[in-house]
Amino acid sequence: MIQLKKINVKFNTGTALEKWALRNLSLDIFEGEFVTVIGGNGAGKSTLLATLCGDVTPLSGKVMIDNVDVTTRSSWERAKWVARVFQDPMAGTCAQLSIEENLALAGKRVSGRGFSAAILKQDRERFREALSKLGLNLDKRLKDPMGALSGGQRQAVSLIMSTLQPMKILALDEHTAALDPKTAHYVMDLTRQIVEDNNLTALMVTHSMQQALSYGTRTVMLNDGRIAYDVSGQQRDKLTTQDLVDLFHSQQFSGDDFLLT
Amino acid sequence: MNTIQFFGAFELGLIYGLVALGVYLSFRVLDFPDLTVDGSFPLGAAISGILIVSGYPPLIATLAAVVGGLMAGVITGWLTLRWKILNLLASILTMTALYSVNLRIMGRPNLSLLGEKTLFSFVPDLCSSLDISPTFIMPAIICLIALALWFILFWFLKTSFGLAIRATGANPRMSMAQGVCTKTTTYAGIAVSNGLVALGGSLFAQSQGFADVTVGAGTIIIGLASVIIGEALFHTRSILIALASCLVGSIIFRLIVALALNASGIGLQASDLNLVTSLLVAVAMIVPEVRKKLSVHRAKK
Ligand SMILES: Nc1ncnc2c1ncn2[C@@H]1O[C@H](COP(=O)(O)OP(=O)(O)O)[C@@H](O)[C@H]1O
Ligand SMILES: [Mg+2]
């Protein structure tokens with residue numbers, strides 16, 4: 001189980017730009033849950049993920065993964081438990097390295113690295129098999145540089161990379177936001193398939209209400225650093241995007257805008 | 001240029017090829033502009049020089065030089081990683097300090113190793129028994145050493161840890177997300193880089209027969225020039241070839257320098273080396289920029 005306990009995050013302390021990004025936020029994510037997170041611009045969605053992943057250390061509060069307190073562990077240490085896919089396809093992969101080298105790097109996320117060859121024959125077999133699931137013919141392009149792939153292809157490979165080693169949670173921060181609608185749809189379906197096939201626990205930030213409801217098992221709405229709404233199960237099944245929009249207005253959400261898609 | 005000059009340039013090119021490998025590792029692989037090398041090259045020369053003069057076995061003296069280089073790299077890494085000093089500035093601090101350290105190590109500005117037992121003391125005997133001129137033997141031996149290091153470095157970068165070093169330079173954020181402790185990889189990369197450079201300094205002192213605190217000046221530019229020449233010759237994504245191109249680039253650099261200095265009529269002196277080198281590096285960095293401008297210009301038309 002992933003637990004965020006009374007997390008407070010403040011940026012630019014003591015300046016005019018001082019900003020509470022998360023306010024006393026608590027969230028328990030149970031094993032096998034696929035939580036989608038929505039909220040207006042600046043609501044704190046990315047900060048929530050960054051706190052889980054270790055990019056941001058909270059002012060107060062605790063981050064627990066399976067009862068291990070990881071609050072002060074750095075992001076590379078938490079990679080043992082947390083797999084990530086970034087919003088920017090460039091950010092999550094190494095353009096200069098080949099596809100197989102990217103996979104090999106991710107293939108040691110948990111196990112750590114030594115001085116044996118980074119890529120062995122059996123690794124290649126494994127990579128080929130994993131990539132062939134994508135149906136993008138990438139299994140024949142193991143030696144091509146990652147930079148030669150399109151944004152959508154890179155996000156797809158990022159998802160494959162995350163599954164090469166065990167994890168406690170998969171963290172996705174608007175990982176389809178940089179893609180065209182058709183590719184975004186493909187990557188979203190792939191995400192769902194990967195989460196289901198591997199029985200993953202996932203936390204996915206999205207800017208689209210429609211995505212937030214049609215994917216996952218639970219939806220959390222953030223507003224001004226707090227959880228404004230948390231829905232799952234049958235209640236969530238009945239929910240429409242219009243309900244979410246109404247909720248958004250009724251709560252007088254702050255934030256610059258809210259994509260009503 | 002006569003044969004002796006040619007082979008002399010070849011030999012020097014291979015020795016500085018180790019510097020080029022080190023510079024490639026820091027500048028290109030790790031994306032860490034490390035100027036420590038201007039201090040770690042003479043550090044290698046100083047450590048092995050003083051140990052050899054004091055009667056230590058040359059192999060020990062050479063290994064000690066490598067360890068000294070590793071440590072110099074670690075200090076630069078520490079200033080940057082622990083104290084968040086800008087990497088370029090951190091390396092300048094180490095380099096500057098090393099100038100004094102090197103003087104302390106040697107106890108005087110220069111040491112002569114003529115007549116001392118060095119790694120290459122067996123060469124004259126070998127030459128007389130084989131009846132070949134040392135002109136050819138020395139470059140051949142240095143060539144073997146350089147090839148060995150070329151391969152070791154290749155192997156290193158192809159290991160899981162080496163891949164993590166390469167990823168750290170290319171995308172540190174992604175590397176951390178994949179569980180790479182980028183501090184460790186940066187320390188290791190900068191240390192190995194300076195270890196290689198110090199080994200170059202040690203071999204330089206032993207093959208040339210002297211150690212001098214001033215031999216370090218311009219090492220970084222020479223190394224960069226070699227890397228850039230190599231890159232211009234081989235556009236490659238293969239690490240094996242990229243590393244080889246550092247060695248080839250260094251040899252070509254020495255040949256160009258030897259040609260320039262020997263060409264009567266231009267009137268260049270040995271002391272013009274740094275000027276010529278800097279011009280070479282500057283031109284090599286300006287050309288791609290101009291090309292880009294030109295192609296943008298053309299695209300607009
Ligand atoms: N590194 C940072 N430095 C300063 N302010 C930040 C930083 N990251 C986020 N913020 C601020 O914290 C708030 C929440 O940001 P974020 O979590 O990125 O929102 P979201 O992802 O929901 O759009 C915003 O007001 C943002 O400006
Ligand atoms: Mg965001």
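Quick caveat: nothing in here was measured; it's all calculated off a predicted structure. Here is how names work: the chains are called A, B, and so on, in the same order as the sequence lines, proteins then strands, and each is numbered from 1.
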Residues, nucleotides or ligands: over 12 heavy atoms within 6.0 Å of Lys62(A) NZ: no
Heavy-atom pair of closest approach, residues Leu105(A) and Ala164(B): CD1-CA, 3.9 Å
Which atoms of Met90(A) approach chain B - backbone, side chain, both or neither, heavy atom under 4.5 Å: backbone
Neighbour count >12 (heavy atoms, 6.0 Å) for atom NZ, Lys80(A): no
Any donor-acceptor N/O pair, Asn171(B) side chain to Thr93(A) backbone, under 3.5 Å: yes
Student check: side-chain heavy atoms of Arg113(A) and Gln178(B) closer than 4.5 Å: yes
Selection from Gln96(A), Gln165(A), Arg84(A) maximising heavy-atom pairs under 4.5 Å formed with chain B: Gln96(A)
Parallel, tilted or perpendicular: rings of Phe161(B) and Phe115(A) (30°, 60°): tilted
Side chain to side chain, Asp55(A) and Arg173(B), heavy atoms closer than 4.5 Å: yes
Structural part of Cys53(A) lying under 4.5 Å from a heavy atom of chain B: neither
Largest heavy-atom contact set with chain B, pairs under 4.5 Å, which of Ser75(A), Ala79(A), Gly114(A): Gly114(A)
Interatomic distance, Thr184(B) atom OG1 to Trp76(A) atom CH2 [nearest 0.5 angstrom]: 6.0 Å
Intermediate values then yes/no, side chain to side chain contact (heavy atoms under 4.5 Å, CB included), Met174(B) and Asn102(A): CA-CA 10 Å; Met174(B) 175 264 201; Asn102(A) 273 278; 3.2 Å; yes
Atom CD of Glu129(A): over 12 foreign heavy atoms under 6.0 Å: no
Pick from Ala95(A), Ala106(A), Ala171(A) with the largest number of heavy-atom pairs that fall under 4.5 Å of chain B: Ala106(A)
Most chain B-contacting option - heavy-atom pairs closer than 4.5 Å, from Ala117(A), Gly107(A), Gly54(A): Ala117(A)
Nearest non-hydrogen partners of Lys143(A) and Arg237(B), listed with the distance: O-NH2, 2.8 Å
